[in-house]
Amino acid sequence: MRTLLLGAVASLLSAITALIVSSQASASIHPLWLLIAQYLVGALLNPPQELPKAPLRLHALRSVVGVWAFAAYYAALSWPGASAIEVSMLLNAAPLLVTFQAVRDLRARAGAVLAFAGLALTLQPGTAGLNLNGSHLLAASAALAYAGSFLTLGQLALAGERARTTNGLYNLSAGMLTLILLAAIRPAWPASLWPVAAIGLIAAVRIHVITVAARNPGDAALVSVLTNLAFFWLALADIYQGNIYGALRWTGLALVACGIGMTPLRRPR
């Protein structure tokens with residue numbers, strides 16, 4: 001139940017993040033400004049307070065894949081004409097990969113297959129005017145990095161690392177890496193600061209929620225599935241804005257929902 005609740009909270013925070021990043025006010029903001037904001041807020045909220053117990057290579061790996069996952073995700077959402085729901089659906093491929101790698105439960109794996117089928121059906125050209133572009137490639141690469149981040153998070157927990165230490169070191173090291181990228185790329189200063197501040201706070205809280213929930217690889221897999229319920233919140237926002245879904249997209253969403261529903265609420269053996 002704890003994983004379910006934390007995953008649901010993380011999914012809502014993910015949906016809010018996607019809506020802000022894909023808004024008109026964020027269109028001209030370089031993704032690195034959003035990244036540095038979330039890592040700065042995260043470091044302030046949860047500074048490292050003890051030396052790591054787990055191998056440093058695991059912390060370094062999580063920092064690299066985490067920065068790429070968020071950077072590619074934000075860049076995909078900011079892509080001209082990108083759809084928040086489509087980008088979120090592509091990111092949903094991450095928990096499918098995590099499930100097959102970390103969970104041996106047959107029901108969970110069958111649910112992952114069903115969700116993948118729904119994902120493929122939802123993103124078929126013609127379901128909602130889908131036009132494959134750079135945003136979809138960026139989202140797909142973010143999904144791979146996102147899956148790697150969840151698996152590494154589970155390994156850190158197994159190695160005895162406390163969630164607070166893992167989160168503190170991640171924000172610190174990922175923030176330093178982002179600063180290096182900012183110094184090298186030198187993007188234009190954000191035209192509007194409110195999206196940067198909002199993303200900084202919301203994304204930092206979301207990272208902490210996921211870190212606390214992922215106590216081992218199995219829990220990491222389960223919470224990764226639950227966090228991607230974000231696309232349902234985005235679908236509701238999409239419909240509220242007047243977008244019309246065809247039969248294929250509704251069928252795909254239903255299959256994804258069924259697949260996620262097959263995920264056990266407690267960690268499989």
Side-chain angles (χ1 to χ4, degrees), residues 10 13-14 17-18 20-21 26 29-79 87 91 94 97-98 134 137-157 159 161-190 193 195-212 214 220 224 227:
L13 294 175
S14 296
T17 299
I20 294 175
V21 177
S26 306
I29 299 177
H30 196 281
L32 287 178
W33 291 118
L34 302 176
L35 280 179
I36 196 62
Q38 76 176 43
Y39 293 135
L40 177 61
V41 173
L44 291 175
L45 291 177
N46 183 27
Q49 296 182 347
E50 61 183 15
L51 294 176
K53 298 178 181 178
L56 290 179
R57 58 181 176 80
L58 289 177
H59 287 286
L61 177 60
R62 195 207 171 192
S63 296
V64 172
V65 295
V67 167
W68 177 255
F70 277 109
Y73 181 52
Y74 292 158
L77 288 169
S78 303
W79 193 276
V87 172
L91 196 66
L97 299 174
V98 175
L137 296 177
L138 284 169
S141 69
L144 291 173
Y146 195 44
S149 177
F150 269 108
L151 290 172
T152 307
L153 197 57
Q155 292 299 324
L156 284 165
E161 203 70 274
R162 292 173 53 191
R164 185 175 181 85
T165 302
T166 296
N167 200 29
L169 289 174
Y170 171 69
N171 284 314
L172 183 63
S173 58
M176 293 175 62
L177 179 57
T178 305
L179 280 175
I180 294 173
L181 293 174
L182 276 171
I185 298 175
R186 297 184 179 181
W189 185 258
L193 290 180
V196 178
I199 291 300
L201 180 59
I202 295 171
V205 173
R206 177 181 173 277
I207 290 172
H208 182 69
V209 169
I210 292 174
T211 304
V212 170
S224 71
T227 56

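Please read all numbers here as calculations on a predicted model, not as lab measurements. Atom set for the values below is all heavy atoms of this structure, side chains included, hydrogens, waters and symmetry mates excluded.
The shortest heavy-atom contact between Pro52 and Thr165 is CA-CG2, 4.3 Å. Of all the heavy atoms in Ala76 and Ala139, the pair that sits closest is CB-N, 3.9 Å. The two atoms that bring Trp33 and Pro187 nearest to each other are NE1-CG, 3.6 Å, heavy atoms only. Of all heavy-atom pairs between Leu77 and Ala18, the closest is CD1-CA, 3.7 Å. Scanning both residues, Ala145 and Val65, for their nearest heavy atoms gives CB-O, 3.5 Å. Taking both residues in full, the closest heavy atoms of Pro195 and Leu34 are given as O-CD2, 4.2 Å, listed atom of the first, atom of the second, then distance.
Atoms CG and CG, on Leu182 and Leu32 in that order, are 5.0 Å from each other to the nearest 0.5 Å. In this structure, OG on Ser63 lies 10.5 Å from CG on Leu56, to the nearest 0.5 angstrom. Atom CG of residue Leu137 and atom CH2 of residue Trp79 lie 8.0 Å apart, to the nearest 0.5 angstrom. Separation of atoms CG (Leu201) and CG (Leu45) is listed at 7.0 Å; rounding is to 0.5 Å. Between the OG1 atom in Thr178 and the CG atom in Asn171 there is a gap of 10.0 Å [rounded to 0.5 Å]. Here CG of Asn167 is found 11.5 Å from CG of Leu172. Values are rounded to the nearest 0.5 Å.
The backbone N or O of Lys53 sits less than 3.5 Å from a side-chain atom of Glu161, completing a donor-acceptor pair. The backbone N or O of Gly148 lies less than 3.5 Å from a partner atom in the side chain of Thr152, making a donor-acceptor pair. With Ser173 contributing its side chain and Leu169 its backbone, the two residues share a donor-acceptor pair below 3.5 Å.
Put simply, the side chain of His59 reaches to within 4.5 Å of the side chain of Leu156, judged on heavy atoms. Two residues are said to be in side-chain contact when any heavy atoms from C-beta on lie closer than 4.5 Å; Ser14 and Thr17 fail this criterion. For the pair Ile29 and Ser78, the minimum side-chain heavy-atom distance is 4.5 Å or more.
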With a 3.5 Å cut-off and sequence neighbours excluded, list the donor-acceptor pairs that the side chains of residues 66-74 form with protein atoms.
{"residue": "Trp68", "atom": "NE1", "partner": "Ser141", "partner atom": "OG", "Å": "3.4"}
{"residue": "Tyr74", "atom": "OH", "partner": "Gln38", "partner atom": "OE1", "Å": "2.6"}

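Using a 4.0 Å cut-off between charged side-chain N and carboxylate O, Arg164 and Glu50 make no salt bridge.
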Side chain to side chain contact (heavy atoms under 4.5 Å, CB included) assessment of His30 paired with Ile185: CA-CA 10 Å; His30 196 281; Ile185 298 175; 4.3 Å; yes
